[in-house]
Undergrad: 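First the structure, which I've put down as structure tokens, then a few questions once you've had a look.
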Amino acid sequence: MVGALASVIAISMVATPVSGKAQTFGAFTVDPAAPTTIRLKGPIGVRESRNFRAALRFAPKARTVELDSPGGSLIIALEIADMILDEELSTVVAPEASCLSACAFVFFAGKEREAKGALGVHQIASTQSRDFQFGQLNLADVVDFMNRADVSPGVVPLMLATPSDQMHVFSPAELSNLKINRTAEPTPNESPNNPPTQITHDPAVATESDNTVRLCEELAAAPIDLDRSQGVVGVEFEKIETDRAVPACRAAQLAHPSDPRLHYLLGRALHASGSNAVEAVSWYRKAAEEGFARGQTNLGLMYGTGTGVAKDPEQAVGWYRKAAEQGDAAGQFLLGHMYENGTGVAQDTKQAVDWYHKAAEQGFARAQTKLGLLYETGNGVDEDLKQAVEWYRKAAEQGDALGQTSLGLVYLYGKTVAKDPKQAVHWYRKAAEQGFARGQVYLGLMYEAGNGVDKDLEQAVSLYRKAAQQGDNDAKAALKRLRN
């Protein structure tokens, strides 16, 4: 009896087709009348990879997976996609159906793919918490899968550029241009008289790969990066949108793993996030050790500030020097700063001036302002007010707030130029509008005195408050004076 019972249990655990009745395995369905097709209808839940495996066992002759799903679990979707890759199945989105979010990865796994309905993607994030760290940790798996599935690299930038609460639905033109829809190509008959087809360079694929890199550049390149692509403006460090820049640069680095420039850009994006300093150091180091100057400069910064690594001024000087000797303006400026202050190296103002000059002559605004200050005070160089004003003006015209404030003082006191309070106000205002505390204080003084501008105590107080909030003691004293 025990043996008979075991036989009954074993038989009950095996799914057997029922003539004319569709069999359901979670979100998957197989119609015995069409045993070559498995249909997905509904969200991709945590058990759907097991359910899909059961559907495959039930329909061993299945060759096509029809998809109609709003998405769901990314991890489960990738497991299902891997099974489709292994079985070399085709995927289809019917005209009235949609395959969105995680479902798109299931679609991309098809040996043959046809999307007649809506196919959509967006940034990777937790479906509940919108946790972008989740997206960063899983992006490598996604890009690896996309490569194995031979998906156009042009798909990734579109995915990364679309916020996780929105959807990029591919247009008919995109389905065609990105070769998202495809049919299987016959295998060439290899023989001495009929050699295999030679693979040729496809400009479209190269362009799509370039787009992946360009998105990373647009989101993470610095305005002073001279090697950024034409048309890429660059973004200041504090303005980097890290939730977009980090995954974009991970994708670019994965697509071009031997490019040190992309190591640096990924490091910069991670650095800006504020919570990935240790990993940022590792990417800066990788770029630096491969000889990439900006990576060397930024690795020096990490050692100089003790960010993501133990503070070590001598290491900072070493990396700044490597970058400076390659002509990197930021590295030259920072090396000059270390010499001026005797940090990590013996103090040597003349060496500082030399490095500041090299950076300033390349148009590095902070070095231009610093040179102006040294020429004005005669520190490490013969005092020369005309030279000082010239360097202040170059820095100010590039938007350097300290340079603008310094040029304002030049006009206020008539240093080698005619006194012009209105010009002083003009330059103070430019610095103040950038949130520079000293510019706010000096502009406040002009409003308080009615010098170069109509007297306006309310404006003056407003400016002093903004500067005081940044800790400026002169602004605090001015507010106290006006209260009395």
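Index from 1, following the sequence.
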Undergrad: Pair up each side-chain donor or acceptor in residues 408-415 with any protein partner under 3.5 Å, not counting sequence neighbours, and list the distances.
TA:
from   : atom 1 : to     : atom 2 : distance (Å)
Tyr411 : OH     : Arg393 : NH1    : 3.2
Tyr411 : OH     : Arg393 : NH2    : 3.0
Lys415 : NZ     : Glu376 : OE2    : 2.5

Undergrad: I'd like to know whether Leu479 forms a side chain to side chain contact (heavy atoms under 4.5 Å, CB included) with Arg483, so could you lay out the CA-CA distance, the side-chain angles of the two residues, the decisive distance to 0.1 Å, and finally the verdict.
TA: CA-CA 6 Å; Leu479 288 172; Arg483 281 198 296 268; 3.9 Å; yes
Undergrad: Take Arg182 and Asp150 through the test side chain to side chain contact (heavy atoms under 4.5 Å, CB included) and record every step on the way to the result.
TA: CA-CA 11 Å; Arg182 71 179 182 188; Asp150 193 26; 3.6 Å; yes
Undergrad: Under 6.0 Å between ring centres: does that hold for Tyr339 and His337?
TA: no
Undergrad: Could you tell me which residues satisfy salt bridge (charged side-chain N to carboxylate O under 4.0 Å, His left out) with Glu325, sequence neighbours excluded, listed by chain and number?
TA: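 Not a single residue meets the salt bridge (charged side-chain N to carboxylate O under 4.0 Å, His left out) criterion with Glu325.
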Undergrad: Could you go through His168 and His122, starting from their C-alpha distance and side-chain angles, then the distance that decides it, and tell me whether this counts as side chain to side chain contact (heavy atoms under 4.5 Å, CB included)?
TA: CA-CA 6 Å; His168 179 89; His122 58 187; over 6 Å; no
Undergrad: Might you confirm whether atom CD of Gln230 has over 12 heavy atoms from other residues, nucleotides or ligands at distances under 6.0 Å?
TA: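 No, CD of Gln230 has 12 or fewer neighbouring heavy atoms, counting only those of other groups under 6.0 Å.
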Undergrad: Can you check whether Gly399's main-chain N or O pairs, donor with acceptor, with Gln434's side chain at less than 3.5 Å?
TA: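 Yes: the side chain of Gln434 pairs with the backbone of Gly399.
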Undergrad: Classify the ring geometry between Tyr264 and Phe292 as parallel (under 30°), tilted (30 to 60°) or perpendicular (over 60°).
TA: tilted
Undergrad: Please list all pairs passing the disulfide (SG to SG under 2.5 Å) test where one or both residues lie in residues 440-472, with sequence neighbours left out.
TA: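 Pairs touching residues 440-472 that pass the test: none.
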Undergrad: Do you know which of Tyr428, Trp427, Tyr447 makes ring pair (Phe, Tyr, Trp, His ring centres under 6.0 Å) with Tyr442?
TA: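 Exactly one pass, corresponding to Tyr428.
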Undergrad: Return the OG1 to NZ distance between Thr416 and Lys386, rounded to the nearest 0.5 Å.
TA: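 Taking OG1 in Thr416 and NZ in Lys386, the distance rounds to 7.5 Å.
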Undergrad: How long is the span from the CG atom in Leu74 to the CG atom in Asp141, to the nearest 0.5 Å?
TA: 8.0 Å
Undergrad: With sequence neighbours left out, what residues match Phe108 under ring-ring contact (aromatic ring centres under 6.0 Å, His included)?
TA: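 Testing Phe108 for ring-ring contact (aromatic ring centres under 6.0 Å, His included), a comparison that skips the adjacent residues, returns none.
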Undergrad: Roughly how far apart are Asp259 CG and Gln253 CD, rounded to 0.5 Å?
TA: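 Rounded to the nearest 0.5 Å, the CG-CD separation comes out at 9.0 Å.
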Undergrad: Treating Gln123 as the side-chain partner and Arg244 as the backbone partner, does any N or O pair qualify as donor plus acceptor under 3.5 Å?
TA: no
Undergrad: Excluding sequence neighbours, so at least two apart, what forms salt bridge (charged side-chain N to carboxylate O under 4.0 Å, His left out) with Arg148?
TA: Asp82, Asp144
Undergrad: Considering non-hydrogen atoms only, spot the tightest contact between Ala102 and Ser73 and give its length.
TA: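 Taking every non-hydrogen atom into account, CB-O, 3.9 Å.
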Undergrad: Rounded to the nearest 0.5 Å, what separates atom CZ in Arg294 from atom CG in Leu226?
TA: 8.0 Å
Undergrad: Parallel, tilted or perpendicular, judged at 30° and 60°: which one describes the rings of Tyr284 and His271?
TA: perpendicular
Undergrad: How many angstroms lie between NZ in Lys322 and CD in Gln326, if you round to the nearest 0.5 Å?
TA: 9.0 Å
Undergrad: Determine, stepwise, if the pair Met167 / Val169 fulfils side chain to side chain contact (heavy atoms under 4.5 Å, CB included).
TA: CA-CA 6 Å; Met167 193 69 60; Val169 176; 4.1 Å; yes
Undergrad: To the closest 0.5 Å, what do you measure between CG (Leu270) and CZ (Arg268)?
TA: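 Spacing of CG (Leu270) from CZ (Arg268) equals 12.0 Å.
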Undergrad: Do the ring planes of Phe333 and Phe364 sit parallel (below 30°), tilted (30 to 60°) or perpendicular (above 60°)?
TA: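 Judged by the thresholds at 30° and 60°, the geometry between Phe333 and Phe364 is tilted.
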Undergrad: Listed by chain and number, what are the salt bridge (charged side-chain N to carboxylate O under 4.0 Å, His left out) partners of Asp474, not counting sequence neighbours?
TA: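 By the salt bridge (charged side-chain N to carboxylate O under 4.0 Å, His left out) rule, Asp474 matches Arg438.
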